[in-house]
Amino acid sequence: DWLDLYQLHWPERRTNFFGQLGYQHQEESFTPLEETLEVLDEQVRAGKIRHIGLSNETPGGTMTFLRLAEERGWPRAVSIQNPYNLLNRSFEVGLAEIAIREQCGLLAYSPMAFGMLSGKYADGARPANAR
């Protein structure tokens with residue numbers, strides 16, 4: 001009858017998803033974050049969603065969602081699902097501080113770095129039926 005956690009999977013706006021150097025901002029058209037949060041607020045108030053979360057979000061985007069929720073009395077993001085493992089620790093650069101200070105928990109994905117940490121791709125191996 002309800003969703004415990006509704007996550008916004010990818011930001012619709014252009015951003016530096018994969019931590020590449022040389023990010024260049026480009027103006028664009030996308031659904032305003034206010035509109036998205038307002039609809040989610042309606043669903044929370046209707047009892048259809050209990051909590052909202054973010055996924056693949058940046059520090060700037062996370063803080064914008066949290067600020068809007070605070071200003072408008074909308075539901076706060078309770079989690080952020082971003083990659084985090086021994087090979088990809090980019091979460092620690094900006095999002096870890098936000099997650100701790102704003103009590104927005106990490107749901108780490110790809111803890112085995114898409115299989116690289118399991119050793120199945122060691123020495124250039126390409127196992128059958130692997131991605």
Side-chain angles (χ1 to χ4, degrees):
D1 294 331
W2 66 82
L3 298 174
D4 287 323
L5 178 63
Y6 185 96
Q7 290 192 181
L8 300 172
H9 186 62
W10 280 103
E12 183 183 357
R13 67 191 188 284
R14 291 183 194 190
T15 189
N16 190 359
F17 292 120
F18 300 106
Q20 296 176 346
L21 296 177
Y23 169 75
Q24 295 180 2
H25 184 72
Q26 297 175 0
E27 292 300 320
E28 62 190 318
S29 174
F30 59 90
T31 305
L33 302 181
E34 295 88 345
E35 186 176 323
T36 300
L37 276 173
E38 186 173 24
V39 169
L40 289 171
D41 177 58
E42 291 170 7
Q43 296 304 307
V44 169
R45 290 180 191 275
K48 299 294 183 183
I49 297 172
R50 289 192 174 168
H51 303 283
I52 65 166
L54 307 172
S55 184
N56 298 302
E57 192 51 87
T58 65
T62 301
M63 287 306 298
T64 299
F65 273 104
L66 293 171
R67 179 183 51 79
L68 287 170
E70 180 75 21
E71 290 174 357
R72 313 266 171 101
W74 291 334
R76 295 179 94 248
V78 298
S79 63
I80 183 163
Q81 183 183 33
N82 278 29
Y84 186 65
N85 56 60
L86 291 171
L87 298 179
N88 181 349
R89 295 174 56 184
S90 60
F91 183 82
E92 294 175 9
V93 175
L95 280 167
E97 179 182 9
I98 292 169
I100 292 166
R101 291 184 186 274
E102 299 294 330
Q103 299 178 353
C104 185
L106 170 64
L107 301 173
Y109 79 76
S110 192
M112 296 299 289
F114 299 106
M116 292 299 293
L117 294 173
S118 71
K120 75 178 183 178
Y121 297 112
D123 300 320
R126 306 289 259 164
N129 301 319
R131 291 184 176 181

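For clarity, every value in this text was computed on a predicted model and none was experimentally measured.
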Worksheet item: Is the count of non-hydrogen atoms from other residues, nucleotides or ligands lying under 6.0 Å from Tyr6 atom OH greater than 12?
Response: no
Worksheet item: Is Phe91 reachable from Leu8 through a run of I, L, V, M, F, W or Y residues, each pair having side-chain heavy atoms under 4.5 Å apart?
Response: yes
Discussion item. I'd like to know whether CD of Gln103 has more than 12 heavy-atom contacts from other residues, nucleotides or ligands below 6.0 angstrom.
Written reply: no
Discussion item. Membership question, hydrophobic clusters at under 4.5 Å side-chain separation (ILVMFWY): are Val78 and Tyr109 in the same one?
Written reply: no
Item to complete: Calculate, to the nearest 0.5 Å, the distance between atoms CG and NZ belonging to Leu40 and Lys48 respectively.
Response: 14.5 Å
Worksheet item: Shortest non-hydrogen contact from Asn82 to Glu57?
Response: ND2-O, 2.9 Å
Worksheet item: Would you say Asp41's side chain and Trp74's backbone share a donor-acceptor pair under 3.5 angstrom?
Response: no
Discussion item. Tell me the closest heavy-atom pair linking Ala108 and Tyr84, and the distance in Å.
Written reply: CB-CB, 3.9 Å
Worksheet item: In Å, rounded to the nearest 0.5 Å, how long is the span from CZ of Phe65 to CG of Leu33?
Response: 4.5 Å
Discussion item. Looking at Asn88 and Ser90, would you say the former's side chain and the latter's main chain have a donor-acceptor pair under 3.5 Å?
Written reply: yes
Worksheet, complete the sentence: For Gln81 and Ser55, the nearest pair of non-hydrogen atoms, with its separation, is O-OG, 3.0 Å
Worksheet entry | Residues Glu102, Arg76: salt bridge by 4.0 Å N-O rule | yes
Worksheet entry | Cys104 versus Ala77, closest heavy-atom pair with distance | SG-O, 3.7 Å
Fill in: Passing option when Leu5 is tested against Leu107, Ile52, Ile49 for side chain to side chain contact (heavy atoms under 4.5 Å, CB included)
Leu107
Item to complete: Run the numbers on Met116 and Leu87 for side-chain contact (heavy atoms from CB on, under 4.5 Å), then give the verdict.
Response: CA-CA 9 Å; Met116 292 299 293; Leu87 298 179; 3.9 Å; yes
Worksheet entry | Atom pair CG/CG of Leu66 and Leu37 - distance to nearest 0.5 Å | 9.5 Å
Worksheet entry | Ile98 CD1 to Met63 CE distance, which is reported to the nearest 0.5 Å | 5.5 Å
Worksheet item: With hydrophobic residues grouped by side-chain heavy-atom distances under 4.5 Å, do Tyr121 and Leu117 end up in a single group?
Response: yes
Discussion item. Does Arg89 have more than 12 heavy atoms from other residues, nucleotides or ligands lying within 6.0 Å of its CZ?
Written reply: no
Fill in: Minimum heavy-atom distance between Gly115 and Lys120, given as atom pair plus value
O-CG, 3.9 Å
Practice prompt. For atom CD of Glu70, decide whether the heavy atoms of other residues, nucleotides or ligands shown that lie under 6.0 angstrom number more than 12.
Written response: no
Discussion item. Rounded to the nearest 0.5 Å, what separates atom CD in Gln7 from atom CG in Asn56?
Written reply: 9.5 Å
Worksheet item: How far apart are the closest heavy atoms of Trp2 and Gly47, and which atoms are they?
Response: CB-O, 3.3 Å
